[in-house]
J.: 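Questions regarding the structure given below will be posed in turn.
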Amino acid sequence: MTVSATTNTVSYTGDAGTTDFAVTFPFLGTGSTSELVVIERVIATGAETTKTYTSDYTITGGAGNTGTVIAVSAPAATLEWHIQRGTTQTQLTDYVANDPFGAETHETALDRLAMISQEQQTEIDKSA
């Protein structure tokens, strides 16, 4: 995989009918370990609640690809859902001396670093 875009968040306004929300950027992991965060914002007040996997939504896709967040109940028109990547900031790749070089493993490690960097830049841009 190549992380060819810097997008790491997508937002949707509820309509009391739609339950499937496309995640337009790649994310690592799958299901409950998808490294996504879903935040519900009340449009009128700006109050935010972090939604819970299985109770509020499920996820398809991931593992380095795009996917879909599927709401258990469609959000009302007074709500926004903000889906953002939340890549785990750990180094998971361990190279063993004299083993064959694992190109895919190495590329995934570099993708993880690129994603973390993008997410940090998003936070830096918000604070400016």
Side-chain angles (χ1 to χ4, degrees):
M1 170 181 89
T2 300
V3 182
S4 58
T6 58
T7 303
N8 57 52
T9 185
V10 64
S11 300
Y12 296 95
T13 301
D15 63 6
T18 302
T19 57
D20 291 8
F21 302 101
V23 180
T24 57
F25 48 85
F27 56 97
L28 300 172
T30 58
S32 64
T33 59
S34 65
E35 300 186 350
L36 290 178
V37 178
V38 179
I39 299 170
E40 182 177 83
R41 181 179 296 149
V42 178
I43 295 170
T45 65
E48 294 183 344
T49 304
T50 301
K51 305 308 279 180
T52 304
Y53 184 78
T54 62
S55 298
D56 300 313
Y57 66 93
T58 58
I59 296 171
T60 62
N65 297 299
T66 60
T68 304
V69 169
I70 305 163
V72 172
S73 299
T78 58
L79 302 172
E80 295 173 334
W81 271 32
H82 299 271
I83 303 165
Q84 54 195 65
R85 193 171 54 217
T87 307
T88 303
Q89 296 184 11
T90 54
Q91 201 286 72
L92 304 174
T93 305
D94 183 28
Y95 295 107
V96 178
N98 300 315
D99 271 3
F101 184 74
E104 287 298 318
T105 301
H106 187 69
E107 185 175 11
T108 299
L110 291 173
D111 292 343
R112 177 175 294 282
L113 290 173
M115 290 176 182
I116 290 168
S117 176
Q118 291 170 352
E119 293 158 24
Q120 290 176 338
Q121 187 61 52
T122 298
E123 293 304 311
I124 291 168
D125 291 348
K126 286 180 187 176
S127 67

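No experiment lies behind these values; they were computed from the predicted model shown.
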J.: Could you walk me through whether K51 and W81 satisfy the side chain to side chain contact (heavy atoms under 4.5 Å, CB included) test, starting with their C-alpha distance in whole Å, then the side-chain angles of each, then the deciding distance to 0.1 Å, before giving a yes or no?
T.: CA-CA 9 Å; K51 305 308 279 180; W81 271 32; 4.1 Å; yes
J.: What is the distance from atom CD1 of I116 to atom CD of Q89, rounded to the nearest 0.5 Å?
T.: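 One finds 5.0 Å between CD1 of I116 and CD of Q89.
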J.: Pair I59, T30 - check side chain to side chain contact (heavy atoms under 4.5 Å, CB included), show working.
T.: CA-CA 7 Å; I59 296 171; T30 58; over 6 Å; no
J.: To the nearest 0.5 angstrom, please state how far the CZ atom of R85 sits from the CE atom of M115.
T.: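 The distance works out to 5.0 Å.
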J.: Can you tell me how far OG1 of T93 sits from CD of E107, rounded to the nearest 0.5 angstrom?
T.: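 Separation between the atoms: 11.5 Å.
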J.: Each residue besides Y95 in its hydrophobic cluster should be listed here, by chain and number; the cluster joins Ile, Leu, Val, Met, Phe, Trp and Tyr at side-chain heavy-atom distances under 4.5 Å.
T.: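 Grouped by the 4.5 Å side-chain rule, F101 form the rest of the cluster around Y95.
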J.: For the residue pair T18 / D15, report whether a side-chain donor-acceptor contact shorter than 3.5 Å exists.
T.: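 Per modelled atom types, D15 and T18 side chains form a pair under 3.5 Å.
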J.: Can you tell me how far CZ of F27 sits from CG of D111, rounded to the nearest 0.5 angstrom?
T.: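 Reported to 0.5 Å precision, the distance equals 14.0 Å.
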J.: Which atom pair, heavy atoms only, marks the closest approach of G64 to P26?
T.: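 Smallest interatomic distance, heavy atoms only, reads O-CB, 3.6 Å.
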J.: Could you work out the complete set of other residues in the hydrophobic cluster of V37, with links drawn between I, L, V, M, F, W and Y side chains under 4.5 Å apart?
T.: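 Taking Ile, Leu, Val, Met, Phe, Trp and Tyr as members, V37 shares its hydrophobic cluster with I39.
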J.: Under 3.5 Å, side chain of T88 to main-chain N/O of T90, donor-acceptor pair present?
T.: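 Flag not set: sc T88 to bb T90 has no pair under 3.5 Å.
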J.: Using atom types as modelled and distance alone, determine if a side-chain donor or acceptor of N8 lies under 3.5 Å from a backbone N or O of Q118.
T.: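 Pair found, side chain donor or acceptor close to backbone of Q118.
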J.: Within the 3.5 Å criterion, strictly below it, is a donor on T49 or E40 matched to an acceptor on the partner's side chain?
T.: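 Distance-only check fails for T49 and E40.
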J.: Is there a donor-acceptor contact under 3.5 Å from the side chain of T33 to the main chain of G29?
T.: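 No: the side chain of T33 does not pair with the backbone of G29.
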J.: Just do the side chain to side chain contact (heavy atoms under 4.5 Å, CB included) check on E119 and T87 with the steps written out, would you?
T.: CA-CA 8 Å; E119 293 158 24; T87 307; 2.6 Å; yes
J.: Would the distance check show the side chain of Y12 and the main-chain N or O of D20 forming a donor-acceptor pair, the cut-off being under 3.5 Å?
T.: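 Looks like no, no N/O pair under 3.5 Å.
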J.: Please output the side-chain donor-acceptor pairs of residues 66-80 that fall under 3.5 Å, not counting sequence neighbours, one pair per line with the distance.
T.:
residue, atom, partner, partner atom, Å
E80, OE1, H82, NE2, 3.0

J.: Nearest 0.5 angstrom please: S34 OG to Y57 OH, how far?
T.: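 Output value for this atom pair is 6.0 Å.
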J.: Any donor-acceptor pair under 3.5 Å linking the side-chain atoms of Q91 with those of R112?
T.: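 Distance-only check fails for R112 and Q91.
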J.: Out of the candidates L36, N65, T6, only one should pair with F25 under the side chain to side chain contact (heavy atoms under 4.5 Å, CB included) rule; please name it.
T.: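 Answer after filtering L36, N65, T6: L36.
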J.: Run the side chain to side chain contact (heavy atoms under 4.5 Å, CB included) check on T122 and D125 step by step: do they pass?
T.: CA-CA 5 Å; T122 298; D125 291 348; 5.7 Å; no
